[in-house]
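Notes follow once the structure below has been shown.
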Amino acid sequence: NLAAAKRDGYMIITKDIAGMGFHYLNPNITSFNVRKPMILVYEKTSPTTWHLAALEWVFPKKPAKSPFPSARYGSFPAACHYDDGTFVPQASQDRCAKTAPDTGAAFTFWHPDLVTLHVWLWYPNPNGLFASYNPLVKPFNGG
């Protein structure tokens with residue numbers, strides 16, 4: 001339930017990225033906890049329907065010991081994030097504009113390069129449970 005996630009502190013950090021869905025981050029979760037994922041990934045299945053598709057955790061570097069057997073890691077570049085889900089890859093925070101270039105949304109935060117770990121629990125992914133991208137997520141395959 002996206003409304004419940006928002007009440008619990010999750011905020012949009014990326015609009016739909018082809019093959020990745022909409023990402024919602026809870027900034028109060030700062031370490032790995034399997035029961036409290038840092039990021040919830042949603043797929044918008046209609047103009048008013050959201051489907052929880054995956055969980056995601058991020059790390060400053062690849063963990064020495066994987067939290068899940070056979071986990072595969074991805075990466076996300078350093079980026080400026082804005083309150084409408086716009087993000088702009090940028091190597092340092094001092095290069096972030098106060099508003100998103102195309103939408104004018106307010107700057108919310110910057111992060112360095114990150115290691116990512118997706119788990120596609122509620123949305124099928126032919127690339128595998130731990131893949132970063134999912135070819136079934138719109139608009140990756142045109143719907």
Worksheet item: Which heavy atom of Ile29 sits nearest a heavy atom of Pro37, and at what distance?
Response: CD1-O, 3.4 Å
Got a list of side-chain donor-acceptor pairs under 3.5 Å for residues 66-76, not counting sequence neighbours?
residue, atom, partner, partner atom, Å
Ser66, OG, Phe68, N, 3.2
Ser66, OG, Phe68, O, 2.5
Arg72, NH2, Asn127, O, 2.9

Worksheet item: Roughly how far, to the nearest 0.5 Å, is the CG atom of Asp83 from the CZ atom of Phe107?
Response: 11.0 Å
Discussion item. Less than 4.5 Å apart, side chain to side chain, heavy atoms only: is that true for Pro63 and Trp57?
Written reply: no
Worksheet, complete the sentence: Nearest heavy-atom contact between Ala5 and Leu40 is CB-CD1, 3.7 Å
Worksheet item: Does the side chain of Ile39 reach to within under 4.5 Å of the side chain of Leu55, using non-hydrogen atoms?
Response: no
Worksheet item: What is the distance from atom OG1 of Thr30 to atom CE of Met38, rounded to the nearest 0.5 Å?
Response: 6.5 Å
Fill in: His23 (side chain) donor-acceptor with Gly21 (main chain) under 3.5 angstrom
yes
Worksheet, complete the sentence: Looking only at heavy atoms, the pair that brings Ala131 and Asn125 closest together is CB-ND2, 3.7 Å
Worksheet entry | Heavy-atom pair of closest approach, residues Trp122 and Leu52 | CB-O, 3.0 Å
Worksheet item: Counting distance only, does the side-chain N/O of Asn28 pair as donor-acceptor with the main-chain N or O of Gly9 below 3.5 Å?
Response: no
Worksheet item: Between His51 and Tyr123, is the gap from one ring center to the other below 6.0 Å?
Response: yes
Practice prompt. Ignoring hydrogens and angles, tell me if any N or O in the side chain of Trp120 forms a donor-acceptor pair with the backbone of Gly128 under 3.5 Å.
Written response: no
Distance-only donor-acceptor hits, side chain of residues 89-98, under 3.5 Å, sequence neighbours excluded:
residue, atom, partner, partner atom, Å
Ser92, OG, Asp94, OD1, 2.3

Discussion item. Tell me if the aromatic rings of Tyr42 and Tyr24 count as close, with their centers under 6.0 Å from one another.
Written reply: yes
Fill in: Non-hydrogen atoms of Ala79 and Phe87 that approach each other most closely
CB-CD1, 4.1 Å
Worksheet item: Between Tyr10 and Phe109, is there a shared hydrophobic cluster once you connect ILVMFWY residues whose side-chain heavy atoms come closer than 4.5 Å?
Response: yes
Practice prompt. List in chain and number order the residues that pass ring pair (Phe, Tyr, Trp, His ring centres under 6.0 Å) with Trp50, two or more places apart in sequence or in another chain; answer none if no residue qualifies.
Written response: Phe22
Worksheet entry | All side-chain hydrogen bond (donor to acceptor under 3.5 Å, both in side chains) counterparts of Asn33, not counting sequence neighbours | none
Discussion item. Please determine whether residues Phe59 and Leu25 belong to a single hydrophobic cluster, defined as Ile, Leu, Val, Met, Phe, Trp and Tyr linked transitively by side-chain heavy-atom distances below 4.5 Å.
Written reply: yes
Practice prompt. Without swapping roles, check the side chain of Asn26 against the backbone of Asp8 for a donor-acceptor pair under 3.5 Å.
Written response: yes
Worksheet item: Of the non-hydrogen atoms in Ala100 and Thr103, which two are nearest, and what is the gap between them?
Response: CB-OG1, 3.3 Å
Worksheet item: With distance as the sole test, does Thr108 use its side chain to make a donor-acceptor pair with the main-chain N or O of His81 at under 3.5 Å?
Response: yes
Worksheet item: Would you say the side chain of Tyr82 lies within less than 4.5 Å of the side chain of Val88, judging by non-hydrogen atoms?
Response: yes
Worksheet entry | Asp84: partners by salt bridge (Lys or Arg N to Asp or Glu O under 4.0 Å), with sequence neighbours left out | Lys15
Discussion item. With rounding to the nearest 0.5 angstrom, report the CG to NE2 distance, Leu129 to His118.
Written reply: 11.5 Å
Worksheet item: For Thr48, what residues pass the side chain to side chain contact (heavy atoms under 4.5 Å, CB included) criterion, not counting sequence neighbours?
Response: Ser46
Discussion item. In the structure I gave you, are the side-chain heavy atoms of Leu136 and Pro126 within less than 4.5 Å of one another anywhere?
Written reply: yes
